[in-house]
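Indexing begins at 1, ligand by ligand and atom by atom, following the structure's order.
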Amino acid sequence: MERTLSIIKPDGVSRGLTGEVIKRLEDNDLKIVAMKMIHMTRAQAEGFYAVHRERPFFESLTDFMSSGPVVVMVLVGEDAIKRYRDLMGATNYKDAVPGTIRADFATDIEKNVVHGSDAPETAAFEIGYFFNRFEIVG
Ligand code: GDP
């Protein structure tokens with residue numbers, strides 16, 4: 001069993017896609033073991049995306065991620081990191097396979113509805129960034 005961090009980004013929450021994303025997770029055996037809605041400050045978004053500090057889109061991305069509420073979740077399942085990323089689709093929705101969350105709903109390379117950890121080490125960092133052990137039920 002593997003854990004991964006999922007975020008429904010501000011565009012997903014404001015467009016009313018929270019239920020749709022959660023349905024896809026549950027339909028695909030990705031079990032939610034922690035969940036909350038938060039509105040990140042700019043500094044919190046910068047800390048979360050610190051690995052992208054040098055990227056040209058860092059300022060725009062952290063602006064976007066702190067622009068409204070997000071839903072953060074911990075998912076558990078077999079091969080959860082890869083299976084959730086497969087459900088999400090490619091970063092750029094134009095390259096995403098039809099039927100993936102980003103292909104179906106993203107409007108922009110940045111406003112791409114969801115985030116998912118990309119490796120076990122990043123999952124551990126990202127889960128710990130938002131949740132303490134008492135907030136994770138499985
Ligand atoms: P992910 O793991 O698929 O989310 O992709 P990355 O880790 O490469 O990038 C993190 C996030 O930065 C993406 O989900 C997008 O929201 C945003 N992003 C990635 N590439 C670009 C880009 O070229 N321009 C802009 N504006 N945002 C980007």
Side-chain angles (χ1 to χ4, degrees):
M1 284 298 187
E2 193 172 57
R3 282 181 177 179
T4 189
L5 183 91
S6 162
I7 304 179
I8 305 176
K9 295 185 179 184
D11 59 329
V13 172
S14 68
R15 290 169 60 208
L17 296 171
T18 301
E20 175 67 33
V21 172
I22 289 175
K23 171 130 187 63
R24 291 183 184 212
L25 300 177
E26 293 187 328
D27 284 350
N28 286 278
D29 289 324
L30 290 164
K31 190 175 167 207
I32 300 167
V33 293
M35 173 160 66
K36 59 188 166 191
M37 181 177 275
I38 58 169
H39 187 157
M40 279 188 271
T41 63
R42 179 65 178 272
Q44 287 167 336
E46 286 174 357
F48 179 71
Y49 277 120
V51 290
H52 291 316
R53 214 171 18 237
E54 307 302 331
R55 308 281 280 276
F57 55 82
F58 181 69
E59 192 173 336
S60 169
L61 175 62
T62 52
D63 225 26
F64 164 54
M65 290 300 286
S66 57
S67 68
V70 299
V71 173
V72 232
M73 292 174 274
V74 179
L75 311 179
V76 170
E78 209 165 304
D79 206 15
I81 293 173
K82 179 176 186 307
R83 288 200 303 111
Y84 176 46
R85 286 192 68 91
D86 288 347
L87 276 186
M88 285 167 44
T91 308
N92 188 343
Y93 72 103
K94 291 180 179 162
D95 301 328
V97 173
T100 60
I101 295 167
R102 284 167 167 173
D104 289 350
F105 301 113
T107 52
D108 185 290
I109 189 166
E110 185 174 273
K111 294 176 181 60
N112 56 5
V113 188
V114 280
H115 166 85
S117 312
D118 62 3
E121 305 72 46
T122 42
F125 165 78
E126 292 178 356
I127 290 167
Y129 196 78
F130 292 114
F131 294 97
N132 69 46
R133 76 179 82 160
F134 304 110
E135 297 173 308
I136 302 172
V137 299

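Atoms of ligand 1 lying under 4.0 Å from at least one heavy atom of Thr91, given by number and element, are 1 (P), 3 (O), 5 (O), 13 (C), 19 (C). Heavy-atom contacts of His52 reach the following atoms of ligand 1: 6 (P), 7 (O), 9 (O), 10 (C) (cutoff under 4.0 Å). Under a 4.0 Å criterion applied to the non-hydrogen atoms of Asn112, ligand 1 contributes the atoms 13 (C), 14 (O), 15 (C), 16 (O).
Atom 26 (N) of ligand 1 has Glu110 OE1, 3.1 Å as its closest protein atom, hydrogens excluded (heavy atom only). Scanning all protein heavy atoms for the shortest distance to atom 15 (C) of ligand 1 gives Ile109 O, 3.4 Å.
Ranked by closest heavy atom to atom 18 (N) of ligand 1, the top entry among Tyr93, Phe57, Phe58 is Phe57. Nearest residue to atom 2 (O) of ligand 1 from Lys9, Arg85, His115 is Arg85 (criterion: closest heavy atom). Between atom 8 (O) of ligand 1 and the options Arg102, Met65, Arg55, the minimum heavy-atom separation is to Arg55.
Residue contacts with ligand 1: Asp118 is excluded, as none of its non-hydrogen atoms falls under 4.0 Å.
A donor-acceptor pair shorter than 3.5 Å can be found between the side chains of Thr62 and Arg42.
Counting heavy atoms from C-beta on, the side chains of Leu75 and Arg83 never come closer than 4.5 Å.
Counting Ile, Leu, Val, Met, Phe, Trp and Tyr side chains that sit under 4.5 Å apart, directly or through other members, Tyr49 shares a hydrophobic cluster with Met1, Leu5, Ile7, Val33, Ile38, Met40, Phe48, Phe57, Phe58, Leu61, Phe64, Met65, Val70, Val72, Val74, Val76, Phe125, Ile127, Tyr129, Phe130, Phe131, Ile136, Val137.
The side chain to side chain contact (heavy atoms under 4.5 Å, CB included) check on Leu17 picks up Arg15, Phe105, Val113, with sequence neighbours excluded.
For Lys82, the NZ atom sits in a loose shell: 12 or fewer heavy atoms of surrounding residues, nucleotides or ligands are nearer than 6.0 Å.
Hydrophobic cluster membership differs between Val21 and Tyr93, with clusters built from Ile, Leu, Val, Met, Phe, Trp and Tyr side chains linked at under 4.5 angstrom. Both Ile22 and Met37 belong to a single network of hydrophobic side chains, linked directly or stepwise wherever heavy atoms of I, L, V, M, F, W or Y lie under 4.5 Å apart.
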